[in-house]
Amino acid sequence: MTAALLAWYDRHARIMPWRTGPADRAAGLRPDPYRVWLSEVMLQQTTVAAVRKYHERFTALWPTVADLAAAPDADVMAEWAGLGYYARARNLLKCARAVVAEHGGRFPDTHDALIALPGIGPYTAAAVAAIAFDRPETVVDGNVERVMSRLFDVKTPLPAAKPELTAHAARLTSHARPDDHAQAVMDLGATICTPKSPACGICPLRAPCLARQRGTEAQRPVKAAKKPKPERRGFAYVGRRADGAWLMETRPEKGLLGGMLGFPGSDWNEAPRPAPPAPAAWREVGEARHVFTHFALTLTVMVAELPPSNPERGHFVSASAFRPGALPTAMRKVHDAAAPHLAVEGSGATG
DNA sequence: GAACCGTGGCT
DNA sequence: TAGCCAAGGTT
């Protein structure tokens with residue numbers, strides 16, 4: 001079964017910036033562990049299409065783990081904006097600094113040493129050990145779970161089925177080509193054994209696949225029922241000074257959008273109280289709607305021209321330093337709703 | 001084990 | 001369109 005999978009991978013492996021190409025591999029070149037690690041962290045719960053440009057941007061700005069470790073926190077958070085799960089960016093920096101401080105700037109090459117680092121869990125430790133260092137570790141991500149649940153027609157619902165699926169995956173792990181095997185199972189899951197309408201007809205594992213034999217592939221994997229998303233509301237305050245500076249707030253390290261730049265606002269709940277960050281003639285200009293993983297949010301967008309005096313909350317960011325692209329998406333939507341109503345004398349419409 | 005933590009693309 | 005989904009980790 002492993003041979004058929006590897007043969008398929010040799011012909012159909014997806015080309016990605018952090019992978020070594022056939023020529024490199026023929027020359028015995030290994031991929032850069034820093035680039036592999038960066039890609040794996042970015043790919044956590046995130047599509048390849050979304051990761052490509054972020055990975056390119058990060059490696060251009062910070063070519064080595066030492067470069068990243070030396071970067072200011074705010075720069076890294078701003079570059080991560082839009083990718084989501086911002087704890088990943090905070091842990092990315094912690095991990096880079098730990099690799100420099102504790103490992104001499106070189107990534108450790110074992111699963112156990114990798115999993116001890118911030119932001120590296122069971123999946124990422126196995127993936128880096130296998131892909132960067134060719135160790136026979138078993139990677140179990142959503143793709144592998146789906147492939148195994150079909151291959152062995154597992155009826156146990158996820159996430160309870162995880163140990164069972166992991167055991168199946170471990171038995172299939174190739175000790176001859178661990179690096180290729182890890183990526184082959186995931187590529188198969190991403191391109192052939194897809195969540196909907198799997199391409200069983202061209203699957204290299206169609207012969208041994210139990211779900212295929214029984215016609216149950218569309219019902220695998222079985223997943224536990226999802227919980228309904230609560231609705232929350234809040235107020236967001238977009239204030240500008242006469243010189244065009246924006247009143248912003250760096251959010252606390254922990255919790256939702258932790259460490260990211262945003263607009264001051266109220267609590268988010270069923271019936272939020274207004275909470276203006278500075279005395280001013282605030283006026284309502286619209287709403288910003290954003291759906292997070294576990295709740296849906298509607299923000300009432302308030303705007304005002306602010307006096308030069310210090311605000312009660314937050315700090316001013318100059319017009320030239322302000323970039324909507326450095327905001328998490330919910331805050332970027334607030335900005336987009338507010339901006340047309342905040343014409344500032346002489347600030348123009350550029351940037 | 002379960003809650004928390006984003007986002008954009010696809011159907 | 002409204003859900004579903006993606007190379008998960010931390011608490």
Side-chain angles (χ1 to χ4, degrees), chain A residues 13-14 16-19 35-55 77 80-92 94-95 114-132 137-147 157-163 166 169 179 181-191 193-198 218 221 223-230 232 251-260 262 268 289-297 325 327-333:
Chain A
R14 289 178 292 172
M16 295 189 244
W18 50 88
R19 283 184 173 172
R35 295 174 140 261
V36 172
W37 161 75
L38 182 62
S39 74
E40 291 301 339
V41 174
M42 287 182 166
L43 285 164
Q44 290 166 8
Q45 296 292 287
T46 309
T47 57
V48 169
V51 163
R52 282 184 188 278
K53 46 188 176 291
Y54 282 86
H55 192 275
M77 299 310 289
W80 196 276
L83 202 51
Y85 285 141
Y86 298 100
R88 292 186 295 171
R90 303 194 297 275
N91 284 329
L92 192 80
K94 287 182 191 168
C95 183
L114 286 164
I115 204 171
L117 292 165
I120 297 186
Y123 164 76
T124 305
V128 173
I131 298 169
E137 300 289 343
T138 302
V139 299
V140 183
D141 71 331
N143 288 307
V144 178
E145 289 177 352
R146 186 170 56 256
V147 170
L158 282 167
K162 182 83 176 262
T166 300
D179 50 355
H181 178 90
Q183 297 173 94
V185 188
M186 294 192 284
D187 271 24
L188 186 77
T191 63
C193 195
T194 50
K196 292 172 184 171
S197 308
K223 294 195 173 184
K226 289 197 170 71
K227 295 193 168 181
K229 270 181 198 184
R232 295 185 194 169
R251 299 176 60 84
E253 277 289 304
K254 295 183 182 252
L256 193 72
L257 310 181
M260 297 299 289
W268 298 345
R289 169 87 175 170
H290 190 70
V291 180
F292 291 100
T293 306
H294 55 296
F295 69 93
L297 177 66
L327 302 175
T329 300
M331 293 298 166
R332 188 176 48 72
K333 289 178 179 176

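Below, chain A is the first sequence line, B the second, and so on; all start at residue 1.
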Nearest 0.5 angstrom please: T46(A) OG1 to Q44(A) CD, how far? 7.5 Å
Need to verify one output field. Residue with the more 5' nearest nucleotide on DNA chain B, P159(A) or F292(A)? P159(A)
Find the distance K196(A):NZ to dG9(B):P and express it as a whole number of Å. 16 Å
With a non-hydrogen cut-off below 4.0 angstrom, is T329(A) in contact with a base, only sugar-phosphate, or nothing? sugar-phosphate
Quick check: any donor-acceptor pair below 3.5 Å linking the side-chain of T47(A) to the base of dG8(B)? no
Does K254(A) have a side-chain nitrogen or oxygen under 4.0 Å from the phosphate oxygens OP1 or OP2 of dC4(B)? no
Using a heavy-atom cut-off of under 4.0 Å over every strand shown, decide if K333(A) touches base, sugar-phosphate, or nothing. nothing
So, with a heavy-atom separation below 4.0 Å from DNA chain B, the residues of residues 120-130 of chain A are none
With a non-hydrogen cut-off below 4.0 angstrom, is M16(A) in contact with a base, only sugar-phosphate, or nothing? base
Identify, with sequence neighbours excluded, every residue that meets side-chain hydrogen bond (donor to acceptor under 3.5 Å, both in side chains) alongside R35(A). none
Looking at H290(A), does any N or O in its side chain come under 4.0 Å of the phosphate oxygens OP1/OP2 on dT7(B)? yes
Could you check whether G258(A) gets within reach of a base, just the sugar-phosphate, or nothing at all, counting any heavy atom under 4.0 Å? nothing
Can you list the residues that meet the side-chain hydrogen bond (donor to acceptor under 3.5 Å, both in side chains) rule with R52(A), with sequence neighbours excluded? none
Counting the atoms with a prime plus P, OP1 and OP2 as sugar-phosphate, which does P118(A) contact under 4.0 Å by heavy atoms, base, sugar-phosphate, or nothing? sugar-phosphate
Q44(A) CD to dG8(C) C1', in whole Å, measures 5 Å
From CG of L297(A) over to C1' of dC4(B), roughly how many Å is that when rounded to an integer? 16 Å
Find the distance L188(A):CG to dA6(C):P and express it as a whole number of Å. 14 Å
At less than 4.0 Å, is any side-chain N or O atom of H294(A) found next to OP1 or OP2 of dC4(B)? Yes or no. no
With P as the reference atom in both, quote the distance from dG6(B) to dT11(C) in angstrom, rounded to an integer. 14 Å
Could you work out which one of dC5(B), dT7(B), dC5(C) sits closest to the side chain of Y86(A)? dT7(B)
At under 4.0 Å between heavy atoms, what does R146(A) touch on the DNA or RNA strands: base, sugar-phosphate, or nothing? sugar-phosphate
Can you find a side chain N or O atom of Y85(A) that sits less than 4.0 Å from OP1 or OP2 on dT10(C)? no
Checking F292(A) against H290(A) for the ring-ring contact (aromatic ring centres under 6.0 Å, His included) test, could you report, in this order, the C-alpha distance in whole Å, the side-chain angles of both residues, the deciding distance, and whether it holds? CA-CA 6 Å; F292(A) 291 100; H290(A) 190 70; 4.7 Å; yes
Quick one: does L327(A)'s side chain get under 4.5 Å of M260(A)'s, heavy atoms only? no
Would you mind reporting whether E40(A) and Y123(A) have side-chain heavy atoms less than 4.5 Å apart? yes
When you measure from the side chain of K226(A), which nucleotide among dA6(C), dG6(B), dC4(C) comes out closest? dC4(C)
Looking at every strand, decide which applies to V291(A) at a 4.0 Å heavy-atom threshold: base, sugar-phosphate, or nothing. base
Do the side chains of L92(A) and L38(A) get nearer than 4.5 Å, heavy atoms only? yes
Is there a side-chain contact between T293(A) and Y85(A) (heavy atoms, below 4.5 Å)? yes
Between C1' of dA6(C) and CG of D187(A), the distance in whole Å: 14 Å
Nearest-angstrom distance from the residue atom CH2 of W37(A) to C1' of dG9(C): 14 Å
Distance check needed: dC5(B) P versus F295(A) CZ, whole Å only. 7 Å
So what does R289(A) touch, heavy atoms closer than 4.0 Å: a base, only the sugar-phosphate, or nothing? nothing
Do the side-chain N or O atoms of Q45(A) get closer than 4.0 angstrom to the phosphate oxygens (OP1, OP2) of dA6(C)? no
Can you tell me the distance, in whole Å, between the CZ atom of R251(A) and the C1' atom of dG6(B)? 12 Å
